[in-house]
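See structure below.
Not measured: the values here are computed from a predicted model. All heavy atoms count here, side chains included; hydrogens, waters and symmetry mates do not.
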Amino acid sequence: MNEQILAKRLKELRESMNLTQSQFGDLINVAQTTLSSYENGSKTPNIDTLYNIAIKCNISIDWLCGLSDIHKTKDFSSYSDIFNLIVNICKSIHIDIEEFHYSQDEYDMSLIVKNPILNEFLTKWSKVKAIYDDKTIDADTYEIVVKSLIDKYTTDTLKYDNFVIDDMHFSFLSNE
């Protein structure tokens, strides 16, 4: 773990919440002096404190420790977060990117999944999503079913494809 990144991100998190060191310390159950030591890098919080911060602030421990640039554990704050996720997924499994042109200025980009386990999940999930979208099931039922579907894959370990992005060329059309 990079202590300097952790110190910087703790301070960044506290400031983004518009809290003083004393207020943030109260929130995460540490003294202001201890938080100050965390923020200046002279002390490192233990795993229990990191967990507490992550839960109370809805952020990722990986982000706090510098292992990820995605702050939130359940949502994304910018397109950059989503793009980072897509690029990292593409490092793990083979996904092709294709353009579908409708006219010179209109097109869609699609990700073509080349992984049988992911394809199986996406097929099942799309069926559940369709019945949610047409209001056959409510949001709570949808969340329960999706969690159950995801949990079925916990024993399927990820096997990394030998897929490297060497020389990709993207051409984006615009109306300018």
Side-chain angles (χ1 to χ4, degrees), residues 9-10 12-19 24 27-28 47-165 168-175:
R9 289 190 172 177
L10 273 173
E12 180 183 323
L13 174 63
R14 177 182 59 79
E15 289 175 345
S16 75
M17 297 173 74
N18 295 317
L19 297 175
F24 191 70
L27 175 69
I28 64 169
I47 191 66
D48 291 331
T49 303
L50 289 173
Y51 177 79
N52 188 33
I53 294 167
I55 294 299
K56 289 188 176 171
C57 300
N58 188 31
I59 50 109
S60 161
I61 291 177
D62 285 351
W63 176 78
L64 267 178
C65 297
L67 301 173
S68 171
D69 290 327
I70 297 174
H71 300 69
K72 304 279 182 180
T73 56
K74 298 199 184 243
D75 59 357
F76 302 101
S77 61
S78 69
Y79 279 104
S80 174
D81 294 338
I82 293 169
F83 299 154
N84 273 319
L85 179 63
I86 291 170
V87 168
N88 284 326
I89 289 170
C90 289
K91 290 177 184 176
S92 303
I93 59 173
H94 188 156
I95 296 179
D96 288 336
I97 302 167
E98 293 187 13
E99 288 183 32
F100 296 95
H101 290 270
Y102 305 109
S103 69
Q104 182 177 359
D105 296 331
E106 272 188 66
Y107 67 96
D108 286 333
M109 299 292 291
S110 295
L111 299 176
I112 311 300
V113 178
K114 305 273 183 145
N115 181 286
I117 294 171
L118 186 53
N119 282 336
E120 176 186 80
F121 168 78
L122 291 172
T123 299
K124 292 176 180 178
W125 176 54
S126 68
K127 291 175 183 176
V128 173
K129 188 173 181 324
I131 63 174
Y132 169 71
D133 289 343
D134 73 10
K135 311 247 185 289
T136 303
I137 60 174
D138 64 14
D140 290 338
T141 304
Y142 172 76
E143 292 297 327
I144 291 167
V145 172
V146 169
K147 182 178 180 342
S148 171
L149 181 60
I150 290 169
D151 288 348
K152 290 180 183 176
Y153 293 91
T154 57
T155 59
D156 291 321
T157 56
L158 187 60
K159 295 173 180 65
Y160 292 93
D161 290 342
N162 293 324
F163 178 71
V164 178
I165 302 173
M168 283 190 136
H169 175 72
F170 296 96
S171 58
F172 295 97
L173 303 174
S174 69
N175 292 329

Rounded to the nearest 0.5 Å, the CZ atom of Arg14 sits from the CG atom of Leu19 at a distance of 8.0 Å

Please list, chain by chain and in numerical order, all residues satisfying side chain to side chain donor-acceptor pair (under 3.5 Å) with Asn18, sequence neighbours excluded. none

Exercise: identify the closest heavy-atom pair between Trp63 and Ile59: CE3-CD1, 4.3 Å

Any chance you could measure Ile144, atom CD1, to Ser148, atom OG, to the nearest 0.5 Å? 9.5 Å

Do Ile150 and Trp125 make a side-chain contact, defined as non-hydrogen atoms from C-beta onward lying under 4.5 Å apart? no

Residues passing the side chain to side chain donor-acceptor pair (under 3.5 Å) test with Glu15, sequence neighbours excluded, are none

How would you list, by chain and number, every residue that makes a side chain to side chain donor-acceptor pair (under 3.5 Å) with Asp138, sequence neighbours excluded? Thr141

Report the residues that fulfil side chain to side chain donor-acceptor pair (under 3.5 Å) with Lys135, sequence neighbours left out, ordered by chain and then residue number. none

Mind checking what makes salt bridge (charged side-chain N to carboxylate O under 4.0 Å, His left out) contact with Lys129, not counting sequence neighbours? Asp133

Assess whether atom NZ of Lys127 is packed by more than 12 heavy atoms of other residues, nucleotides or ligands within 6.0 Å. no

Where is the tightest heavy-atom contact between Lys152 and Thr155, given as atom of each residue plus distance? O-OG1, 4.4 Å

Rounded to the nearest 0.5 Å, how far does CD1 of Ile131 lie from CD1 of Ile137? 4.0 Å

Once rounded to the nearest 0.5 Å, what's the spacing between atom CG of Leu13 and atom CD1 of Ile53? 7.5 Å

CD-CD1 distance between Glu98 and Ile112, expressed to the nearest 0.5 angstrom: 4.5 Å

Taking ring pair (Phe, Tyr, Trp, His ring centres under 6.0 Å) as the definition, give me every residue that meets it alongside Tyr142, ordered by chain and number, with sequence neighbours left out. Tyr132

Taking the side chain as every heavy atom from C-beta outward, state whether Met17 and Leu27 have any atom pair closer than 4.5 Å. yes

Interatomic spacing from CD1 in Ile61 to CD1 in Ile55 - rounded to 0.5 Å: 7.5 Å

Assess the residue pair Ser60 and Leu67 against the criterion (side-chain contact (heavy atoms from CB on, under 4.5 Å)); give the C-alpha distance rounded to whole Å, side-chain angles, the decisive distance to 0.1 Å, and a yes or no. CA-CA 10 Å; Ser60 161; Leu67 301 173; over 6 Å; no

Which pair of heavy atoms, one from Leu149 and one from Lys124, lies closest together, and at what distance? CD1-CD, 3.6 Å

Do other residues, nucleotides or ligands put more than 12 heavy atoms under 6.0 Å from the OH atom of Tyr51? no

